[in-house]
Amino acid sequence: MTTTSSVPPSKGKLWLAAIKPPMYSVAVIPITVGTATAFGQNAIFDPKILGIFLTSAILIIAWLNISNDVFDADTGIDKNKAHSLVNLTGNKALMLWLANGFLSLGVLGILLIAWLQQDITVLSIILLCCVLGYTYQGPPFRLGYQGLGELICFFTFGPMAIAAAYYSQTQEFSWSILAPGTLIGISTSIILFCSHFHQVEDDLAAGKRSPIVRLGTQLGSQVLMVTTILFFALIVLFSLLGIFSIWTFLTFLSIPLAYQLVSHVNQNHAQPDRVSNCKFIAVRLHFFSGLLLALGLIIPSI
Ligand SMILES: C/C(=C\COP(=O)(O)OP(=O)(O)O)CCC[C@H](C)CCC[C@H](C)CCCC(C)C
Ligand SMILES: O=C(O)C1=CC(=O)c2ccccc2C1=O
C-alpha cells in the first residue's frame, strides 16, 4: 500500500490491501493448470475434485497471508505496513486463530479429496507445501529472511502444486507436469521477487536479506527482465521439444503484461512509492499467462 499524496489511505483501502484479492491467483492458477494438464494428457476431468481443490487452495493461501502478518509482527518488519492485519486489528492472537482456522478448513478439503480417492498422495504433497510455506515465515525458520523465499515458492507453487492437481484428477504422476510446473513456479516466484522492491529499507532494518536487499534494486530489475524473458523462452523450448503443442503459444498474448512489468520496474526500481504496485502487475501476468497456458494445454484434447 502506498500513498503518493500526503493523504493517508482510507480504512477501506487498507482492508482491501490487507485482503489483497488479486493475490489469490497464486491458488487458482496452479490447480487450474495441473487440472488442464491432466485433461490434455488423458481427457480426464472431475469438476467436483477441481472445485474442492480450488476452495482448499484459496483457504490455504488465506492462512499463508494472515499468518505472515502475525509472524512478521513478531520481528517488527511490518511496523510501517499500515495494511498489516495485526496493525489494522491490533489483535495478533485473533489473527493467528483466524489463520489457523483457514488452514484447518483448507486441509479438511484436501482430506475430503483423500477420502474420496482413498489415497493420501495429494494430502501428503499439500501438507509438505504448507510445511515449506511455514518455514518461509514462521519461527524458528523464517527462511524468507535468508532470501530463500523464491526457491520455496518455485517448488511449492510450481512442480508440487501442479503435480498435486494432476494427481487429484488422474491418481497417477507424469513427467509431463514438469514443463507447466516450471513455468508456473517461475511466474509465481516473480510475484514474490517483485514484492521486495519497495521494502528494502524495512527489510534491512529487520535483518531480512531478501533477493533485492542482496542484489540491489538496479540489478534486481535486470534479473526480473531476464527471468521474464526466460519464462517465454521456455515455452518455445518446450514446444520445439514436442512437450507442448503450438496452442501453448497462446501464452504469448500476455507478453504486453510482461513488458509493462519489466519497464515499470526498470523505470521505478529505486522509488519505493512508485514501484510498490509492481507485484500486482506480476499477479496479472501470472493470472493471464497461467489461464492462457491452461487453455493451450486443453485445446488439443477438445
Ligand atoms: C506470504 C508470502 C509472501 C509475502 O511475504 P512478505 O513477508 O514479503 O509479505 P509482505 O511484504 O506482504 O509482508 C508467500 C510466500 C510463499 C511461500 C514462499 C511458499 C508458500 C507455499 C504454499 C503454502 C503452497 C500452497 C500450494 C497450493 C495450495 C496452491
Ligand atoms: O503479500 C504478498 O506479497 C504475497 C502473498 C502471497 O500469498 C504470495 C504467494 C506466492 C508468491 C508471492 C506472494 C506474495 O508476494
Side-chain angles (χ1 to χ4, degrees), residues 1 17-34 52-87 99 102-103 106-107 109-110 113 122-123 125-138 141-165 168 181 184-200 202-203 206 208 210-213 276-280 282-283 286 290:
M1 163 62 58
I19 296 166
K20 47 197 166 189
M23 194 56 72
Y24 287 83
S25 169
V26 302
V28 171
I29 290 304
I31 309 311
T32 301
V33 170
I52 296 168
F53 210 153
L54 283 174
T55 304
S56 290
I58 288 167
L59 291 166
I60 289 169
I61 299 306
W63 158 74
L64 185 70
N65 281 277
I66 299 169
S67 60
N68 176 271
D69 284 351
V70 171
F71 297 132
D72 281 355
D74 293 337
T75 67
I77 196 170
D78 281 355
K79 67 182 186 301
N80 296 322
K81 186 181 167 187
H83 61 285
S84 157
L85 285 168
V86 174
N87 294 343
F102 278 120
L103 178 63
V107 171
I110 305 298
I113 292 175
V122 172
L123 176 66
I125 298 171
I126 297 303
L127 286 179
L128 179 56
C129 285
C130 292
V131 169
L132 291 170
Y134 177 84
T135 65
Y136 167 76
Q137 53 196 26
F141 311 100
R142 300 189 198 274
L143 297 183
Y145 284 61
Q146 310 307 320
L148 297 175
E150 280 70 6
L151 191 63
I152 298 171
C153 197
F154 172 84
F155 285 105
T156 51
F157 285 99
M160 293 172 74
I162 303 275
S168 74
I184 302 305
I186 289 174
S187 63
T188 311
S189 297
I190 285 175
I191 299 172
L192 184 60
F193 189 79
C194 287
S195 75
H196 304 309
F197 276 95
H198 70 289
Q199 296 179 321
V200 172
D202 285 349
D203 286 352
K208 180 173 182 179
S210 76
I212 302 304
V213 164
S276 62
N277 68 330
C278 72
K279 75 177 176 183
F280 291 108
V283 166
H286 171 272

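From a predicted model like this one, the values you see are computed outputs, not experimental measurements. Counting starts at 1 for both ligands and their atoms, following the listed order.
- Contacts between Leu132 and ligand 1, counted as non-hydrogen atom pairs separated by less than 4.0 Å, are absent for every part of the residue.
- Here the protein heavy atom with the shortest distance to atom 14 (C) of ligand 1 is Leu64 CD2, 3.6 Å.
- Neither the backbone nor the side chain of His83 comes within 4.0 Å of ligand 1, counting heavy atoms alone.
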Derivation of the side chain to side chain donor-acceptor pair (under 3.5 Å) call for Tyr136 and Thr156
CA-CA 11 Å; Tyr136 167 76; Thr156 51; over 6 Å; no
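- For the atom pair CD1 (Ile113) and OG (Ser168), the distance works out to 5.5 Å, reported to the nearest 0.5 Å.
- At a 4.0 Å heavy-atom cut-off, ligand 2 touches Cys153 through the side chain alone.
- Between the side chain of Thr188 and the main chain of Gly185, no donor-acceptor pair closer than 3.5 Å is present.
- For ligand 1, the atoms sitting less than 4.0 Å from at least one non-hydrogen atom of Gln137 are 1 (C), numbered in the order shown with element in parentheses.
- Ser195 is linked by a side chain to side chain contact (heavy atoms under 4.5 Å, CB included) to Leu192, Lys279, counting only residues two or more places apart in sequence or in another chain.
- The distance from ligand 1 to the heavy atoms of Lys20 drops below 4.0 Å at these ligand atoms: 12 (O).
- The distance from ligand 2 to the heavy atoms of Leu192 drops below 4.0 Å at these ligand atoms: 12 (C), 15 (O).
- Counting only heavy atoms of the protein, atom 1 (O) of ligand 2 lies nearest to Lys20 NZ, 2.5 Å.
- Across Phe157, Tyr136, Trp63, heavy-atom proximity to atom 20 (C) of ligand 1 is greatest for Phe157.
- For Arg142, the closest heavy-atom approach to ligand 1 does not fall below 4.0 Å.
- Ligand 1 lies out of reach of Glu150, whose nearest heavy atom is not under 4.0 Å from it.
- Counting only heavy atoms of the protein, atom 13 (C) of ligand 2 lies nearest to Met23 SD, 3.9 Å.
- Annotation: the span from Phe157 atom CZ to Cys129 atom SG amounts to 8.0 Å, rounded to 0.5 Å.
- Aromatic pair Phe197/Phe193: centroids less than 6.0 angstrom apart.
- For ligand 1, the polar-atom distance check finds an N/O of Gln199 within less than 3.5 Å of one of the ligand's N/O atoms.
- In terms of protein heavy-atom proximity, atom 7 (O) of ligand 2 is nearest to Asn65 ND2, 2.9 Å.
- Ser67 places no side-chain N or O within 3.5 Å of a backbone atom of Val70 that could act as its donor or acceptor partner.
- Only side-chain heavy atoms of Asp78 come within less than 4.0 Å of ligand 1; its backbone N, CA, C and O stay farther off.
- For the atom pair Phe154 CZ and Ile186 CD1, the distance stands at 5.5 Å (nearest 0.5 Å).
- Neither the backbone nor the side chain of Met160 comes within contact range of ligand 1; no heavy atom lies under 4.0 Å.
- Protein heavy atom nearest atom 3 (C) of ligand 1, with residue, atom name and distance: Leu192 CD1, 3.6 Å.
- Of all protein heavy atoms, the one lying nearest to atom 21 (C) of ligand 1 is Thr156 OG1, 3.5 Å.
- In terms of polar-atom proximity, Lys81 is counted as a contact of ligand 1, with an N or O under 3.5 Å from an N or O of the ligand.
- For the atom pair Leu123 CG and Leu128 CG, the distance stands at 11.0 Å (nearest 0.5 Å).
- Protein heavy atom at the shortest distance from atom 15 (O) of ligand 2 is Ser195 CB, 3.7 Å.
- Protein heavy atom at the shortest distance from atom 9 (O) of ligand 1 is Asn68 OD1, 3.5 Å.
- In terms of polar-atom proximity, defined here as any N/O pair under 3.5 Å, Lys208 does make such a contact with ligand 1.
- One N or O on the side chain of Ser187 and one on the backbone of Ile184 form a donor-acceptor pair closer than 3.5 Å.
- In this structure, the separation between CG on Leu132 and CG on Leu151 is 9.5 Å, given to the nearest 0.5 Å.
- With ligand atoms numbered from 1 in the order given, ligand 1 contributes 18 (C) to contacts under 4.0 Å with heavy atoms of Gly149.
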CA sep, side-chain torsions, deciding dist, call: Met160, Ile126, side-chain contact (heavy atoms from CB on, under 4.5 Å)
CA-CA 8 Å; Met160 293 172 74; Ile126 297 303; over 6 Å; no
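- Here the CG atom belonging to Asp72 is positioned 11.5 Å from the CG atom belonging to Leu85, to the nearest 0.5 angstrom.
- Considering both main-chain and side-chain atoms, Lys279 comes within under 3.5 Å of ligand 2 through a nitrogen or oxygen pair.
- Given atom 23 (C) of ligand 1, the protein heavy atom at minimum distance is Cys129 O, 3.7 Å.
- Of the polar atoms of Asp72, at least one N or O is found under 3.5 Å from an N or O of ligand 1, judged by distance alone.
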